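All values reported here derive from a predicted model rather than from experimental measurement. So that the names make sense, note that chain A is the first sequence line, chain B the second, and so on, each numbered from 1.
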Amino acid sequence: MPLSTQPYKGARDFYPPDKRLQKYLFKTMRKVVERFGYEEYDAPILESLELYLAKTGDEIINEQTYTFTDRGGRQIAIRPEMTPSVSRMVAAQRQQLTYPLRWYSIPNLWRYERPQRGRLREHWQLNVDLFGIEELTAEHEIIQLADTILQEFKAKRSQYTIKINSRKLTNSFMTDYLNLSTVQSQTLGKLIDRMHKMTMAEFSADAEAILSPSQRDKGITSKLLDSLTVKDLNELPDEIYRNNSVSELKRLINLLHGSDIKNIEFDFTLMRGFDYYTDIVFEIFDADPENNRSMFGGGRFDGLVGLFGVEPVPTIGFGMGDVTLFNFLESHNLLPKPKSETEAYVVLVGDVYEQAQKTINLLRGMDLNIAVDLSGRKPASQIKNAVKKEIAYAIFIGEKDLAEGQFNLKNLATGNEERHSLERIVSMIKDHRK
RNA sequence: GCGGACGUAGCUCAGUUAGGUAGAGCGUCGGGUUGUGGUCCCGAAUGUCGUGGGUUCGAGCCCCAUCGUUCGCCCCA
C-alpha cells in the first residue's frame, strides 16, 4: 500500500499558483488594513484549552476544536479562532498598551467538522480588532474598513450587502418587550439565527414551542413575527423604537452613508453565533441571489478582555475567511491571475552555462528575480517552459550575445522582442514591475 | 454526528442491458535539420477503472465495507 498523496481532510496544499493567489489576497488585505493604521501581531497556533472554555459555546469545545494532551499532561487546543488569543494578549499588557489599539493578524485556524462549500477544517482568516473605543466611531471605522477591503478587490457595492443589528436591541426586545425569560431568549435567539433557512410557518411553529401557554394567549408570536420582518428601523413598534440602540443604529447608518456606503441594511434577525457579542453586530452577504450566503462579519465584544481579571476594554472587530472570500471573488470574476515572482527566465542558447554565469549574477545583483533554464533543451522548449510558469520575460544568452554584450529580451505576453544592453534590460524589467 | 451524489490516464470526462489486448480531448515528451513559444502536421509514454471483500463461467459496470471528494443538515469563526 503506497503512501497517500492527499492532504489531510479539509486542509489544502498550496501549489505555487495557489500560493501566489493566496499571497495576492493577503497582500491586498494587508495593504488596506495598514492604510487604516492597523498593526500586525501574531500568536501561537496552540493554546491552553481553557482559553476557549470560558467564552465560547460548549459546542465549539466539545465537537469542533482539535484538542490533545501534551507530554506534560496539559490540555491543549489548536486555535479555532483568533479572538481569545488576541484578547489574552491585550489583557496581559493591559496597563502598558497605548489605546486605541488597531491590530490585525492573518492566522490559520482549525475546526473539526465535515468539510463543505466555504467551510474547511483549516482556513486563514484576516482578524481586525479595534480595542479601547466605546464610541460608535469604532463601529464606523471597522465596517468602513471591511468595505474598503472589498472595494480594493474591485467588488462593486451592488455585489454585496452589509447587514447590521444590535444584540442589545434584540435582548431588550425579547426580555422587555416580549417578556421572555433568559432561557427562552437564548433558545429563541438560536432560532432567529436560522430563520432565513425555514418557512414562516415552520419558524412560528418552532417559536410557539418555546413559549408558555399563557404567553401564546397574549399573542406574542405575532408580535414577534411582525417585528422581526421589519426592514426599516422606523417601522419598529414604538416600545422598541424608543430603545437607545435604535438611535445608535441610525447614527451608524448615517455615518456609513456619509462614507458612501449605501449598501447597508438593518436586519433584526441577524444574530451571529457567538455569545460574546455584546452590542452591534454586522455581517456581509453576497448579493448574488444564486449564492446568497454570509461571507464574513463581526461585532462588538466588550467583555472578553475582562475575563482575564483585568479591567475590561471595549472592543470591536471582524474576521474575514479566505475560503469564503475566494469563492466570492471567483464567482464574480474578480480573481486576477498573478504573475510569477520570477521576473525573467534565462534561455541558454547552446552550451554556455559557465560563460553565462557572470551575466546572470549581474542581473541578480541588480535585484531581479532570475531563473535559469538548466534543461539543455532547444530554445523553443525553454520558452514554453517560461510561459507555463507565467514568467513575464525571457532573456536569451548565447555565445554571440556574450561577445557583443547585447541580449534579446522577449516579452512573453506580447511576443515583442528587443535587443539591448544588460543595463537597459534591467531597467525595462523594473519598469514593468508596477 | 446525519442524509444525498460522485470516485476510470496529469486534467476534464466517455465507456450502452456485466463478455475480447479499457477510450477521447486537453496536457506531457520527442520530431517537422542546427538561436525563439502560444497555430498546424507526425510520433510516443502513461491507467493493477480509489481500496478491500463478495456474487458470477466472466465486473469499470451488480452487492457490502472502507477511504476520499462534493452538496446539504447540525453547528458556526
Side-chain angles (χ1 to χ4, degrees), chain A residues 1-2 4-12 15 52 55-65 78-86 105-129 190-191 193-194 197-198 271-277 281 283-284 291 293-299 301 317-325 345-352 373 375 377-391 393-402 407-419:
Chain A
M1 194 60 181
S4 169
T5 58
Q6 279 176 326
Y8 175 69
K9 187 185 182 73
R12 292 160 290 167
Y15 286 85
Y52 305 100
K55 43 140 304 262
T56 341
D58 291 341
E59 206 62 46
I60 290 233
I61 293 306
N62 296 335
E63 292 176 23
Q64 296 205 347
T65 300
I78 303 179
R79 63 185 174 201
E81 54 159 337
M82 200 57 167
T83 306
S85 297
V86 69
S105 187
I106 310 180
N108 56 335
L109 308 172
W110 290 81
R111 59 185 158 210
Y112 191 81
E113 66 167 357
R114 194 134 164 200
Q116 54 182 292
R117 180 173 167 79
R119 296 176 67 79
L120 302 176
R121 287 182 171 183
E122 183 193 30
H123 73 135
W124 272 259
Q125 188 185 66
L126 170 68
N127 272 257
V128 183
D129 294 294
K190 303 244 180 220
L191 182 62
D193 201 21
R194 303 203 311 272
K197 287 186 179 176
M198 37 195 1
M271 297 300 290
R272 291 189 63 74
F274 277 156
D275 297 334
Y276 58 65
Y277 289 114
V281 289
E283 202 153 329
I284 283 81
N291 184 44
R293 52 172 63 226
S294 162
M295 287 161 56
F296 66 94
F301 46 99
F318 72 90
M320 176 187 237
D322 68 329
V323 184
T324 39
L325 174 66
Y345 196 75
V346 168
V347 174
L348 295 177
V349 183
D351 188 14
V352 293
D373 190 288
S375 70
R377 295 197 290 167
K378 61 182 184 182
S381 300
Q382 298 188 42
I383 291 171
K384 277 189 204 169
N385 224 304
V387 170
K388 278 189 59 183
K389 290 177 190 293
E390 290 162 334
I391 297 170
Y393 288 103
I395 300 171
F396 295 84
I397 302 184
E399 282 183 27
K400 190 178 71 182
D401 315 290
L402 288 166
F407 302 87
N408 284 20
L409 176 70
K410 185 178 186 109
N411 182 321
L412 293 171
T414 64
N416 186 42
E417 185 166 335
E418 297 175 34
R419 190 162 175 81

Student: Using atom C1' in both nucleotides, what's the gap between B:C57 and B:G20 to the nearest angstrom?
Tutor: 15 Å
Student: Considering non-hydrogen atoms only, spot the tightest contact between A:A413 and A:N411 and give its length.
Tutor: N-OD1, 2.9 Å
Student: Taking B:G25 as the reference, what is the distance to B:C64 when you measure between their P atoms (whole Å, please)?
Tutor: 36 Å
Student: Mind checking ring pair (Phe, Tyr, Trp, His ring centres under 6.0 Å) for A:F296 and listing every partner two or more places apart, or none if nothing turns up?
Tutor: A:F318
Student: How close do A:F396 and A:F407 get, heavy atom to heavy atom, and via which atoms?
Tutor: O-CD2, 3.6 Å
Student: If you only use heavy atoms from C-beta on, which nucleotide in B:G68, B:C74, B:C76 is closest to the side chain of A:Q116?
Tutor: B:C74
Student: What interatomic distance, in whole Å, is found between P of B:A24 and the corresponding atom of B:A14?
Tutor: 16 Å
Student: Roughly, in whole Å, what's the span from CZ in A:R121 to P in B:C75?
Tutor: 19 Å
Student: Which string of ( ) [ ] | and . matches RNA chain B, if you list each base 5' to 3' and count Watson-Crick or G-U pairs only when both distances are under 3.5 Å?
Tutor: (((((((..((((.....[...)))).(((((.......))))).....(((((..]....))))))))))))....
Student: Report the distance from atom CE of A:M320 to atom P of B:C76, rounded to the nearest whole Å.
Tutor: 22 Å
Student: Just jot down the salt bridge (charged side-chain N to carboxylate O under 4.0 Å, His left out) partners of A:E418, sequence neighbours excluded, or say none.
Tutor: none
Student: Provide, to the nearest angstrom, the distance between the CZ atom belonging to A:R119 and the C1' atom belonging to B:C73.
Tutor: 12 Å
Student: Take the protein atom OH of A:Y8 and the nucleotide atom C1' of B:G68, then report the distance between them rounded to whole Å.
Tutor: 13 Å
Student: Could you check how far CG of A:L109 sits from P of B:C75, rounded to whole Å?
Tutor: 21 Å
Student: Can you list everything that forms a side-chain contact (heavy atoms from CB on, under 4.5 Å) with A:R119? Sequence neighbours excluded, please.
Tutor: A:R111, A:E113, A:Q116
Student: What string of B, S and - do you get for nucleotides 26-37 of chain B, 5' to 3', when a contact is any protein heavy atom under 4.0 Å?
Tutor: --SSSS---BBB
Student: If you restrict it to nitrogen or oxygen atoms, what contacts under 3.5 Å exist between nucleotides 3-7 of chain B and the protein, and what is each distance?
Tutor:
unit_1 : atom_1 : unit_2 : atom_2 : d
B:G3   : O6     : A:R114 : NH2    : 3.3

Student: P atom, B:C42 versus B:C26: distance in rounded Å?
Tutor: 12 Å
Student: Could you work out the separation of B:U56 and B:C62 based on their C1' atoms and round it to a whole Å?
Tutor: 10 Å
Student: Can you tell me, in whole Å, how much space there is between the C1' of B:C76 and that of B:G52?
Tutor: 36 Å
Student: Taking the C1' atom of each, how far is B:G27 from B:A45, in whole Å?
Tutor: 13 Å
Student: Map A:G118 and A:G297 onto RNA chain B by nearest heavy atom, then report which one ends up closer to the 5' terminus.
Tutor: A:G118
Student: By side-chain contact (heavy atoms from CB on, under 4.5 Å), which residues pair with A:L409, not counting sequence neighbours?
Tutor: A:Y393, A:I395, A:I425, A:M428, A:I429
Student: Go through the structure and list residues passing ring pair (Phe, Tyr, Trp, His ring centres under 6.0 Å) with A:F301, not counting sequence neighbours.
Tutor: A:Y276
Student: Hey, what do you get for CE (A:M320) to CE (A:M295), rounding to the nearest 0.5 Å?
Tutor: 6.0 Å
Student: If you measure from CZ on A:R121 to CG on A:N108, what distance do you get to the nearest 0.5 Å?
Tutor: 15.5 Å
Student: Can you tell me how far P of B:G38 sits from CD of A:Q382, to the nearest Å?
Tutor: 15 Å
Student: Looking at residues at least two apart in the chain, or sitting in another chain, which of them share a side-chain contact (heavy atoms from CB on, under 4.5 Å) with A:T324?
Tutor: none
Student: So, using salt bridge (charged side-chain N to carboxylate O under 4.0 Å, His left out) as the criterion, who are the partners of A:E283 when residues are at least two apart?
Tutor: A:R272
Student: Only counting residues at least two apart or in another chain, list the ones meeting side-chain contact (heavy atoms from CB on, under 4.5 Å) with A:P7.
Tutor: A:D13
Student: Rounded to the nearest angstrom, tell me the gap between atom CG in A:L191 and atom C1' in B:C75.
Tutor: 15 Å
Student: How many Å lie between CD on A:E113 and P on B:C2, as a whole number?
Tutor: 15 Å
Student: Once salt bridge (charged side-chain N to carboxylate O under 4.0 Å, His left out) is applied, do any residues pair with A:R419, and if so which ones, sequence neighbours excluded?
Tutor: A:D401, A:E404
Student: Between B:A65 and B:A5, how far apart are the P atoms? Round to whole Å, please.
Tutor: 13 Å
